[in-house]
Protein chains: 2
Amino acid sequence: MSRSDPTNLQPFVDRLLARSVLTPDEIQAILALPVHPVEVRGQTDFVQVNEKTSCACFIASGMVARFGETRDGQRQITAFHIPGDMVDLNSVVRPIAVGGLTTLCNTTILEVPHTAIRALAVRYPAVAEAFWRDTMLDAAILMQWVVNVGKQRAKTRLAHIFCEMAIRLGGDRQILQEYDFPVSQERLAEAAGMTGVHVNRSLKALREEGLVTVKRYSVKIHDWQRLAQTGEFEADYLVADTGTDRRARLLAGD
Amino acid sequence: MSRSDPTNLQPFVDRLLARSVLTPDEIQAILALPVHPVEVRGQTDFVQVNEKTSCACFIASGMVARFGETRDGQRQITAFHIPGDMVDLNSVVRPIAVGGLTTLCNTTILEVPHTAIRALAVRYPAVAEAFWRDTMLDAAILMQWVVNVGKQRAKTRLAHIFCEMAIRLGGDRQILQEYDFPVSQERLAEAAGMTGVHVNRSLKALREEGLVTVKRYSVKIHDWQRLAQTGEFEADYLVADTGTDRRARLLAGD
DNA sequence: CGTAGACTTGACCTGCGTCAACGTGTGTGG
DNA sequence: CCACACACGTTGACGCAGGTCAAGTCTACG
């Protein structure tokens, strides 16, 4: 039951507490959710597009990508999910997967049945609110992703992704200057909406400009300021809701 | 209090009922929400990026776009909102606007205070769930938007947008072959992630191929089949949750 | 030590951007 | 009701970011 126990939901609670206020009772109830641990090898699609799901997936370790597909099978990654994320929490109210899910490396997932989550949300409105808010953060990240893919140049797109992950992996507070990122250039291309070849060239440019070095399993940021500048990265959308007043509880009526 | 009364929320209730089950009590409570009608002229930004909001905006008539901005002021539209939409419902749990909102034509908005919506969500968990589900549909549309902008060609992107709006304006059931769409080519470009000039050429091509005719204030679809084909449009993500089992109530615990 | 995947690089191509000119429709004021 | 203006739509010429194709090279792992 310690925090390092890979089969408990404490990291999820920590995540929620960063943006929502929960009572000890509520926290205990979340930690008491039934979980079913599953080990998934890397590069495995474990949820298909339009599949009906019956549980949410908590990432205990590893990394996961959500993606959509074009008719000819090309993929567009729409989100990266990291340890502590409850992927598919949205599926609780909308059980048809809006995109596929695939592992980027060996990943430990804790499956949590929708039924249990629903029961919890009914009993504790503040928990329901915390869940809803959590899915809204994902939506905010997604909106930024659209802007990034729709209106930016190649280097900017990539830089933005590295900045986003540096903040998220750092727990929204510290900015990690170096982190594991088990994503091939091909996958980066699927995320940034470009081709593998051009990702390669753009990474080379970013490296030669002294901004960031990307290897297959790691990102090392050399100059955060200029990287954020190049990526037109504003952290607001990720961290803007940590203020006290924004964690107001539904129960308080304000 | 009739359905055509432009200051009541009946269309919003209709929208919710398409995907959620609500009791007469719950419906009455929603209809009893306090609203403050506001007339907004076209081409007006009425919510700024990162602005803190204190109410959600129901669109009684008109049309609205959500957008993000790059540093040099270019805009990327991330969603179109139509009459019946509760724009910014997400802001109830996350009051920092994730994008700006601008009117595409003269629009009547009913402002609904967050406080009232929160109070309702606490009192009726099923209403909270319906709200949450509604925001998740927006998120699903947004995910599709990323795929469209990230991985498709110009004609495909535009065709996809016209298909999406045909379904949404038709109430998710009928497919409108002709509808009002008060969007300039410049705006379409901001939505599709391209330039106005190229939108113009692509629209010309779509017209010459007999797929669709787009004028400043209207879209006329000539061949739905081929338009959907060209736009790689699958309506699943918009309508997949109208089945009975997917409208199950939180209260039912399943 | 071999093999399969990922990374790199070069040469060339093209969809779309950019710039610029001109046509057209619509709303306003005289 | 007309005239003007301004915003929007249309079209052509040209450039470039990024795509495509293809040939290596590196590296992890059995």
Side-chain angles (χ1 to χ4, degrees), chain A residues 41-44 65 70 72-76 102-106 148-161 180-209 212-220 230 232, chain B residues 41-44 65 70 72-76 102-106 148-160 180-209 212-220 230:
Chain A
R41 297 196 60 82
Q43 323 305 325
T44 306
T70 62
D72 60 359
Q74 282 184 86
R75 291 184 169 188
Q76 170 70 47
T102 191
T103 49
L104 298 169
C105 58
N106 294 348
N148 195 35
V149 167
K151 277 271 139 69
Q152 305 288 25
R153 296 265 130 109
K155 285 196 296 179
T156 303
R157 291 187 213 179
L158 292 172
H160 193 279
I161 290 173
D180 292 339
F181 197 50
V183 176
S184 69
Q185 293 184 355
E186 199 55 47
R187 283 281 147 81
L188 263 178
E190 290 171 355
M194 46 207 265
T195 59
V197 172
H198 203 63
V199 165
N200 184 285
R201 292 193 233 268
S202 303
L203 288 181
K204 184 183 178 189
L206 289 172
R207 191 184 330 123
E208 288 174 349
E209 289 167 24
V212 61
T213 301
V214 180
K215 287 198 289 248
R216 181 139 156 55
Y217 294 113
S218 69
V219 170
K220 181 164 189 176
T230 299
E232 296 206 9
Chain B
R41 296 196 61 81
Q43 325 303 325
T44 306
T70 62
D72 60 359
Q74 282 184 87
R75 290 185 170 187
Q76 171 68 49
T102 191
T103 49
L104 298 168
C105 57
N106 293 349
N148 195 35
V149 168
K151 278 268 141 59
Q152 306 287 25
R153 301 258 120 120
K155 283 197 297 181
T156 304
R157 292 188 211 178
L158 292 172
H160 193 280
D180 291 340
F181 197 51
V183 176
S184 68
Q185 293 184 356
E186 198 57 46
R187 282 282 147 80
L188 264 177
E190 290 171 355
M194 45 205 270
T195 60
V197 172
H198 203 63
V199 165
N200 183 284
R201 291 193 234 268
S202 304
L203 288 180
K204 184 183 178 189
L206 290 173
R207 192 185 329 125
E208 288 174 350
E209 288 166 25
V212 61
T213 301
V214 179
K215 288 200 288 252
R216 181 138 158 56
Y217 295 113
S218 69
V219 170
K220 181 165 190 175
T230 299

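Here is the naming used below: chain letters follow the sequence lines, and residue numbers restart at 1 for every chain. Just so you know, these numbers come straight off a predicted model, no measurement behind them. Keep in mind that the numbers below use all heavy atoms, side chains included, and drop hydrogens, waters and symmetry copies.
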Counting only side-chain N and O atoms of [X], is one of them less than 4.0 Å from OP1 or OP2 of [N]?
X	N	result
N200(A)	dC7(C)	no
Q185(A)	dT8(C)	yes
K204(A)	dT8(C)	no

[X] [atom1] - [N] [atom2] separation (whole Å):
X	N	atom1	atom2	result
H198(B)	dT14(C)	NE2	C1'	11 Å
M194(A)	dT20(D)	CE	C1'	14 Å
E186(A)	dA4(C)	CD	C1'	15 Å
Y217(B)	dG25(C)	OH	P	14 Å
E208(B)	dT10(D)	CD	P	11 Å
K215(A)	dT8(C)	NZ	P	11 Å

Qualifying residue for side chain to side chain contact (heavy atoms under 4.5 Å, CB included) with L203(A), from E208(A), K215(A), Q185(A), H198(A)
Q185(A)
Measuring only between side-chain heavy atoms, which start at C-beta, is [X] closer than 4.5 Å to [Y]?
X	Y	value
R41(A)	T103(A)	no
M194(B)	S202(B)	yes
K204(B)	R207(B)	yes

What about R207(B), does its side chain sit under 3.5 Å from the base of dT10(D) through a donor-acceptor pair?
no
So what does R201(B) touch, heavy atoms closer than 4.0 Å: a base, only the sugar-phosphate, or nothing?
base
Assign T195(B) to base, sugar-phosphate, or nothing according to its heavy-atom contacts below 4.0 angstrom with the strands shown.
base
Shortest side-chain distance from R153(A), nucleotide among dA20(C), dA6(C), dG17(C):
dG17(C)
